Visitor: 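Would you mind keeping the following structure in view while I ask a few things?
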Amino acid sequence: MNPTASTCATDNPLLDFSGLPRFGAFRPEHVTPAIDTLLTQARSAVDRAEAPSTPATWADFVSPLEIATEQLGRAWGMVGHLNGVADTPELRAVFNDNLPRVTEFWTSLGQNEALFAKYKALGQSAEFAQMSPPRRKIVTNALRDFRLGGAELVSPARERYAEIQEQQAALSQKFGENVLDATNAFTLDITDETTLSGLPDDALAAARQEGERAGVAGWRFTLQFPSYFPVLQYANDRTLRETLYRAYVTRAAGHGTPTLDNTAIIDQTLSLRAEEARLLGYASFADVSLVSKMADSPDQVIGFLRDLAARAKPSAHRDMAELRRFAADNLGLDSLSSWDMAFASERLKEARYAFSDNEVKQYFQLPRVLEGLFGLIGRLFDVTISRDTAETWHADVGFFRIERAGQLIGQFYLDMFSRPSKRPGAWMDDARGRKLIATGLQTPVAYLTCNVQAPVGAQPALLSHDDVITLFHEFGHGLHHMLTRVDELGVSGISGVEWDAVELPSQFMENFCWEWDIVEAMTAHVDTQAPLPRALFDKMLAARNFQSGLQTLRQVEFALFDMRLHSEWDGVAGTTTPLPSAAAKAGSAGEAVQRLLNDVRQEVAVITPPEFNRFQNSFSHIFAGGYAAGYYSYKWAEVLSADCYAAFEEEGLFNAETGQRFLREILSVGGSRPAIDSFKAFRGREPSIEALLRHNGMVEETFHAPA
């Protein structure tokens with residue numbers, strides 16, 4: 001966020017909606033005045049929309065209200081994005097100061113009886129029957145969201161619902177802050193190079209560079225994933241692996257830093273969610289969550305996950321038995337601990353397939369990978385991607401434009417590298433959506449975020465194949481947002497898409513990382529510039545389903561834990577009100593959650609982590625993200641994505657008609673119709689599990705696919 005000169009109608013960049021976000025001009029002190037202004041404008045728009053004299057028509061109340069709330073959403077979205085990728089004490093403080101105010105506005109909007117009545121009147125009007133399908137979907141979604149937002153509640157339930165929303169927002173923010181701070185709080189400095197035996201040269205160089213930046217001798221390791229995971233995967237020193245593992249799986253669990261403990265936050269969050277569900281008349285928060293998703297009920301999701309676990313378990317048991325034998329016979333490990341798993345698995349893969357992940361990594365230079373990815377997108381969907389210019393929040397962030405026949409259709413920021421001010425993980429978010437405005441078409445803009453190791457010295461950044469898959473995954477989300485052809489903001493791009501279908505385009509894109517034509521084009525060895533040898537790719541392909549049973553069960557474990565937690569919390573926790581922090585820390589906090597997690601692991605897992613593992617304390621997807629009672633969507637949507645990709649396998653990877661059909665029926669329509677209708681429009685039938693099972697090397701005769 002370096003200062004740059006900027007000319008516009010306002011000195012506050014958060015109030016400038018004339019173009020792209022002005023990151024170069026942003027300062028934390030801009031936030032409160034901007035939110036003051038935008039909340040005032042939004043409330044005035046609400047007052048006008050709800051007035052009895054305002055007709056219940058699209059033009060008179062829906063459209064003006066959308067304009068005012070979009071501006072608030074865009075400005076707050078910019079602040080929230082910066083809070084995730086460029087965290088500072090000043091920004092964090094002002095974000096937390098304004099979070100309750102923004103939350104209160106959206107909660108009150110969702111409870112507005114007068115607006116609810118107007119939407120109901122619009123939904124029953126002659127105008128509704130003549131509306132375009134996207135507009136009808138927006139009205140239908142609004143009626144659903146008013147009911148879920150507490151619009152039908154009466155006092156004191158209405159006020160309590162609002163309190164719950166504010167408390168949940170604060171807890172979610174604090175959970176994420178604790179994970180980031182706990183990740184950054186740990187460092188391990190090594191001065192004896194023999195301790196680092198086995199680590200690849202690039203991991204050593206990055207650790208040396210980290211030490212130099214910190215002014216310490218030797219090599220510095222952190223819990224940032226690009227620093228942490230190579231140790232688990234390659235370090236011969238078992239004690240070193242255990243040290244990093246313990247630190248990583250106890251993040252935000254109070255070990256050494258009680259102020260960063262998420263245990264009580266989890267209990268309080270779950271109790272608030274259960275109370276919210278009861279206020280709305282649902283049996284559990286899981287039932288509330290599924291109202292806006294494809295799945296019909298928690299029982300259906302749990303059945304789907306258990307069915308998948310049953311298919312994966314035989315393969316997982318074989319994987320584990322083989323790994324134990326190999327570790328005992330070749331590594332001197334008579335028993336495998338959790339900090340041995342990645343190390344032993346990498347050694348086994350090297351022995352079986354005669355290659356290592358690090359060997360492959362030398363071929364995936366980030367500039368070449370991007371060139372290959374952009375070329376693939378152009379070939380599939382008849383677009384071109386090129387560098388563009390915009391203010392960014394960090395010098396490493398790139399900016400790009402997507403065009404079709406010379407016409408701009410979307411833009412995106414690409415933030416690839418890990419740094420202490422940036423929360424872990426990878427994600428896509430929208431900076432603005434597509435819609436028609438008075439001056440023409442507002443094109444969509446996306447944020448694409450990853451966390452790979454930054455370049456060391458003059459060498460370009462190198463990506464593991466998993467990093468490449470992650471990049472393709474997030475770009476799939478970006479395509480869903482940017483290639484939309486829907487002009488109504490509420491259902492364009494990713495807006496309005498069912499959460500358990502939103503992963504379809506992202507997981508679809510992952511498949512191309514296993515196609516030789518694509519991989520060859522985006523590889524060049526960092527030293528020789530030679531493309532990845534076909535023989536090495538064939539080994540990668542042979543190893544594609546290496547330990548796929550274990551990997552599938554790991555995802556099922558997370559998803560089943562999430563769904564059971566949110567469907568059973570009342571009975572499990574025995575509490576229906578938020579736990580006071582002091583009482584929680586006295587011993588009640590976390591026990592019920594841990595018991596349920598242990599129960600899930602006993603049911604579906606073949607690997608049991610050590611007792612000290614507190615994975616749930618950094619499970620940001622469900623406690624600081626949007627995946628509460630929705631983590632199953634990764635596997636649910638994978639059924640759909642694998643089946644969609646099978647069409648390309650059947651008709652030709654670069655079949656122009658297939659690519660245009662996927663664009664037309666899946667990517668372009670966004671949330672303007674139910675996701676299952678979009679799938680059937682593309683495939684011409686209901687979804688089938690067969691492609692997913694085949695891709696994972698677990699072909700079965702029957703399976704209950706999500707419908």
Side-chain angles (χ1 to χ4, degrees), residues 87 178-257 260 331 333 336-347 356-359 361-362 366 396 416-426 450-457 459 461-464 466-467 470 609-610 612-615 617-618 620:
D87 181 56
N178 285 350
V179 173
L180 177 61
D181 291 348
T183 300
N184 289 334
F186 177 91
T187 58
L188 179 66
D189 297 330
I190 303 292
T191 56
D192 182 0
E193 189 170 4
T194 61
T195 305
L196 305 177
S197 169
L199 281 176
D201 290 342
D202 62 333
L204 289 170
R208 172 71 84 176
Q209 180 174 274
E210 193 70 28
E212 290 172 353
R213 286 174 181 165
V216 299
W219 297 262
R220 168 162 284 192
F221 295 89
T222 72
L223 297 184
Q224 297 288 341
F225 197 79
S227 177
Y228 154 79
F229 192 65
V231 174
L232 269 289
Q233 198 172 20
Y234 294 107
N236 292 319
D237 191 311
R238 196 181 192 193
T239 301
L240 176 62
R241 298 199 305 269
E242 180 181 358
T243 299
L244 268 291
Y245 175 85
R246 280 181 176 271
Y248 191 82
V249 302
T250 56
R251 287 176 301 157
H255 294 264
T257 316
L260 301 181
L331 304 176
L333 295 172
L336 282 176
S337 297
S338 293
W339 47 89
D340 300 322
M341 291 296 299
F343 176 76
S345 295
E346 181 64 22
R347 299 288 84 73
S356 71
D357 285 350
N358 188 60
E359 178 185 1
K361 186 176 182 179
Q362 307 310 306
L366 178 58
D396 290 338
M416 287 295 301
F417 304 129
S418 174
R419 53 185 180 269
S421 62
K422 183 178 174 185
R423 68 179 173 90
C450 295
N451 265 291
V452 304
Q453 178 64 54
V456 177
Q459 193 178 73
L462 299 178
L463 277 61
S464 69
D466 283 345
D467 291 333
T470 298
F612 61 76
N613 182 297
R614 289 295 180 269
F615 145 78
N617 283 51
S618 58
S620 295

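Just so it is clear, the model here is predicted, and its values are computed rather than measured. The figures that follow rest on heavy atoms only: side chains count, while hydrogens, waters and symmetry mates do not.
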Visitor: Side-chain contact, heavy-atom cut-off 4.5 Å: N184 with P420?
Guide: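 A side-chain contact exists here, since the closest heavy-atom pair is under 4.5 Å.
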Visitor: Does any N or O in the side chain of N451 come within less than 3.5 Å of the main-chain N or O of P226, such that one atom is a donor and the other an acceptor?
Guide: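 Judged by distance alone, no pair lies under 3.5 Å.
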Visitor: Distance check, rounded to the nearest 0.5 Å: L180 atom CG versus S618 atom OG?
Guide: 12.0 Å
Visitor: Can you confirm whether more than 12 heavy atoms, excluding those of D201, are under 6.0 Å from its CG atom?
Guide: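 No, CG of D201 has 12 or fewer neighbouring heavy atoms, counting only those of other groups under 6.0 Å.
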Visitor: Measure the spacing between CG of L199 and CG of L240 and express it to the nearest 0.5 Å.
Guide: 7.0 Å
Visitor: Less than 4.5 Å apart, side chain to side chain, heavy atoms only: is that true for W219 and T195?
Guide: no
Visitor: Between D192 and T194, is the side-chain hydrogen bond (donor to acceptor under 3.5 Å, both in side chains) condition met? List the steps.
Guide: CA-CA 5 Å; D192 182 0; T194 61; 2.7 Å; yes
Visitor: When rounded to the nearest 0.5 angstrom, what distance separates OG in S418 from OH in Y228?
Guide: 14.0 Å
Visitor: Check for a donor-acceptor pair, side chain of Y234 on one end and backbone N or O of N358 on the other, with a separation under 3.5 Å.
Guide: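 Yes, the answer is positive, given that a donor and an acceptor are paired below the 3.5 Å cut-off.
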Visitor: Answer yes or no: is there an ion pair linking E242 with R238, defined by an N-O contact shorter than 4.0 Å?
Guide: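 Salt bridge flag = no for R238 with E242.
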Visitor: Hey, are the side chains of T243 and F221 touching, using non-hydrogen atoms and a 4.5 Å cut-off?
Guide: no
Visitor: Determine yes or no for a side-chain-to-main-chain donor-acceptor pair under 3.5 angstrom, with T250 supplying the side chain and A253 the backbone.
Guide: no
Visitor: Using a 3.5 Å distance criterion without hydrogens, assess whether the side chain of N236 forms a donor-acceptor pair with backbone atoms of S197.
Guide: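 Such a contact is found between N236 side chain and S197 backbone.
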Visitor: Are the side chains of D87 and R423 in contact, using a 4.5 Å heavy-atom criterion?
Guide: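 No, side chains not in contact.
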Visitor: Using only atom types and a distance under 3.5 Å, with no angle test, would you say the side chain of R220 pairs donor to acceptor with the backbone of T187?
Guide: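 Side chain of R220 to backbone of T187: no pair is present.
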Visitor: Taking the side chain from K361 and the backbone from S356, do they hold a donor-acceptor pair closer than 3.5 Å?
Guide: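 It does not hold such a pair.
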Visitor: The test is side chain to side chain contact (heavy atoms under 4.5 Å, CB included); show your working for V179 and R251 and say whether it passes.
Guide: CA-CA 6 Å; V179 173; R251 287 176 301 157; 4.1 Å; yes
Visitor: Report yes if some heavy atom in the side chain of Y245 is under 4.5 Å from a heavy atom in the side chain of S337; otherwise report no.
Guide: no
Visitor: Does W339 reach the side chain of L244, with side-chain heavy atoms less than 4.5 Å apart?
Guide: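 No, their side chains stay 4.5 Å or more apart.
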Visitor: Evaluate the side-chain proximity of T183 to Q224: yes if any heavy-atom separation is below 4.5 Å, no if none is.
Guide: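 Touching, per the 4.5 Å side-chain cut-off.
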Visitor: For D467 and T470: C-alpha separation, side-chain torsions, deciding distance, then whether side-chain hydrogen bond (donor to acceptor under 3.5 Å, both in side chains) applies.
Guide: CA-CA 5 Å; D467 291 333; T470 298; 5.4 Å; no
Visitor: Do L462 and Q362 touch side chain to side chain, with heavy atoms closer than 4.5 Å?
Guide: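 Side-chain contact under 4.5 Å: yes.
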Visitor: Can D357 and Q233 be said to form a side chain to side chain contact (heavy atoms under 4.5 Å, CB included), step by step?
Guide: CA-CA 9 Å; D357 285 350; Q233 198 172 20; 2.8 Å; yes
Visitor: What distance do F186 atom CZ and S227 atom OG have between them, rounded to the nearest 0.5 Å?
Guide: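 Reported value, rounded in 0.5 Å steps: 9.0 Å.
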